[in-house]
Amino acid sequence: MAFVPVLHTEWLKISTLRSLPGALLALFAVTTAFSAVAGVSGDSDPEFDPLFMALSGVLPGQIAAISFGAMAVSSEYHGGALRLSLAAVPQRGRWFAAKMTAIAAPTLLVGLVTAFTALVAGRAGLGSAASGLSVAEQVRGVVGCGIYLMLMALFAAGLTALLRSGVATLSVLIPFILVVSFVIGDAAGTVADFLPDRAGQMVLHRTYDGMLGPWSGLAVTALWTAAALLAGAWSVRRRDA
């Protein structure tokens with residue numbers, strides 16, 4: 001079967017499973033709401049960064065993006081769905097590529113819309129405190145934020161294909177991002193900048209210290225994601241459905 005029909009099939013699966021569009025809606029709602037709240041009270045921070053403050057809703061919102069990627073893949077391991085998918089598309093690599101594309105495209109689109117809306121909401125709360133942000137900085141923040149959310153969704157999808165469990169993936173990633181990453185960051189200094197979440201979040205900052213900049217940070221996250229996808233592809237190709 002050609003790639004385009006496989007991609008269309010995978011997109012239909014995602015769009016018709018209620019929890020998956022719901023995760024993208026949660027990504028938009030949570031990110032925008034938290035950015036709006038942060039914008040109202042953010043300028044009292046002594047290390048105030050108006051771009052990061054306006055986009056800070058991404059920090060809790062990314063959990064929805066991760067959940068979307070994990071659930072989109074884990075649904076294949078329920079009720080023998082993966083066996084049916086591979087019976088229809090015997091080329092396992094082609095099926096996996098179509099599945100990842102069907103995850104990446106809507107996450108990127110929703111991520112860009114979410115980042116733009118969060119920036120507008122955050123700037124409204126910040127008022128004159130955000131007046132110094134340049135157009136280039138805001139465009140970089142919005143585009144980078146959308147790419148970051150897509151990479152995190154794919155990272156979760158690759159791990160889920162490897163572990164064959166969305167619950168296992170979320171049990172690892174959510175505590176890591178919400179707790180472990182911050183603990184390691186405080187203790188390990190610049191080494192923590194190379195963690196998948198912290199590296200990608202450099203693009204949300206107006207100014208940045210350390211070894212990574214906004215785009216090099218995203219590149220590090222992309223490498224983590226590529227490793228997870230390669231591991232997931234190996235699992236799909238080599239292990240029994």
Side-chain angles (χ1 to χ4, degrees), residues 6-7 9-27 30 58-108 110-111 148-184 195-200 220-241:
V6 179
L7 176 59
T9 300
E10 294 306 318
W11 166 243
L12 286 177
K13 291 180 186 178
I14 287 176
S15 61
T16 54
L17 191 61
R18 290 183 180 180
S19 59
L20 296 181
L24 293 179
L25 179 61
L27 168 61
V30 171
V58 171
L59 302 184
Q62 67 181 323
I63 301 303
I66 290 169
S67 299
F68 174 74
M71 291 189 298
V73 176
S74 66
S75 63
E76 295 288 344
Y77 295 97
H78 298 158
L82 182 59
R83 287 193 294 271
L84 293 176
S85 296
L86 296 181
V89 188
Q91 300 88 353
R92 295 189 177 201
R94 183 175 300 174
W95 173 82
F96 186 77
K99 173 67 79 174
M100 295 305 108
T101 303
I103 292 170
T107 309
L108 177 60
V110 173
Y148 170 73
L149 290 170
M150 177 191 71
L151 290 174
M152 293 305 290
L154 289 174
F155 184 54
L159 284 182
T160 303
L162 176 64
L163 300 176
R164 296 189 163 201
S165 170
V167 173
T169 298
L170 295 177
S171 297
V172 170
L173 283 184
I174 293 179
F176 178 83
I177 288 173
L178 295 181
V179 180
V180 178
S181 182
F182 288 100
V183 173
I184 294 176
L195 295 175
D197 58 324
R198 291 176 69 97
V220 170
T221 302
L223 289 175
W224 281 95
T225 300
L229 291 176
L230 287 173
W234 172 86
S235 178
V236 169
R237 290 175 66 90
R238 298 298 181 182
R239 296 164 70 181
D240 292 337

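Every residue two or more places apart in sequence or in another chain that forms a side chain to side chain contact (heavy atoms under 4.5 Å, CB included) with I14 is listed here: W11, L20, F68, A72, A102, I103. Under the rule for a side chain to side chain contact (heavy atoms under 4.5 Å, CB included), the partners of L170 that lie at least two apart in sequence or sit in another chain are I66, S67, A70, I174. A search for side chain to side chain contact (heavy atoms under 4.5 Å, CB included) contacts involving A26 returns A64, not counting sequence neighbours.
The CG atom of L82 sits 9.5 Å away from atom OG of S75, with the distance rounded to the nearest 0.5 Å. Distance CZ/F96 to CD/E10: 11.0 Å, rounded to 0.5 Å. The distance from the CZ atom of R92 to the CZ atom of R238 is 10.0 Å, given to the nearest 0.5 Å.
In this structure, T160 and M71 have side chains that are not in contact, with every pair of non-hydrogen atoms separated by 4.5 Å or more. A heavy-atom distance below 4.5 Å is not found between the side chains of T9 and W95. In this structure, E76 and S85 have side chains that are in contact, with non-hydrogen atoms separated by less than 4.5 Å. Contact of the Y148 side chain with the Q62 side chain is registered, since non-hydrogen atoms from C-beta on lie closer than 4.5 Å.
When all heavy atoms of A168 and S165 are compared, the pair lying nearest together is N-OG, 3.0 Å. Residues T221 and G200 come closest through the heavy atom pair OG1-N, 2.9 Å. Of all heavy-atom pairs between A153 and A65, the closest is CB-O, 3.4 Å. Taking both residues in full, the closest heavy atoms of G166 and S74 are given as N-CB, 3.5 Å, listed atom of the first, atom of the second, then distance. Nearest heavy atoms, Y77 versus A161: OH-O, 3.5 Å. Listed here is the closest heavy atom pair of M150 and T107: CA-CG2, 3.7 Å.
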Report task. Could you give me the CA-CA distance, side-chain angles and deciding distance for I177 and M152, then say whether side chain to side chain contact (heavy atoms under 4.5 Å, CB included) is met? Result -> CA-CA 11 Å; I177 288 173; M152 293 305 290; 3.6 Å; yes
>> I'd like to know whether F176 forms a side chain to side chain contact (heavy atoms under 4.5 Å, CB included) with D197, so could you lay out the CA-CA distance, the side-chain angles of the two residues, the decisive distance to 0.1 Å, and finally the verdict.
In response: CA-CA 9 Å; F176 178 83; D197 58 324; 3.9 Å; yes
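When the options V110, V58, L154 are evaluated for a side-chain contact (heavy atoms from CB on, under 4.5 Å) with L149, the one that passes is V58.
Checking side-chain atoms of T225 against main-chain N and O of L151 turns up a donor-acceptor pair under 3.5 Å.
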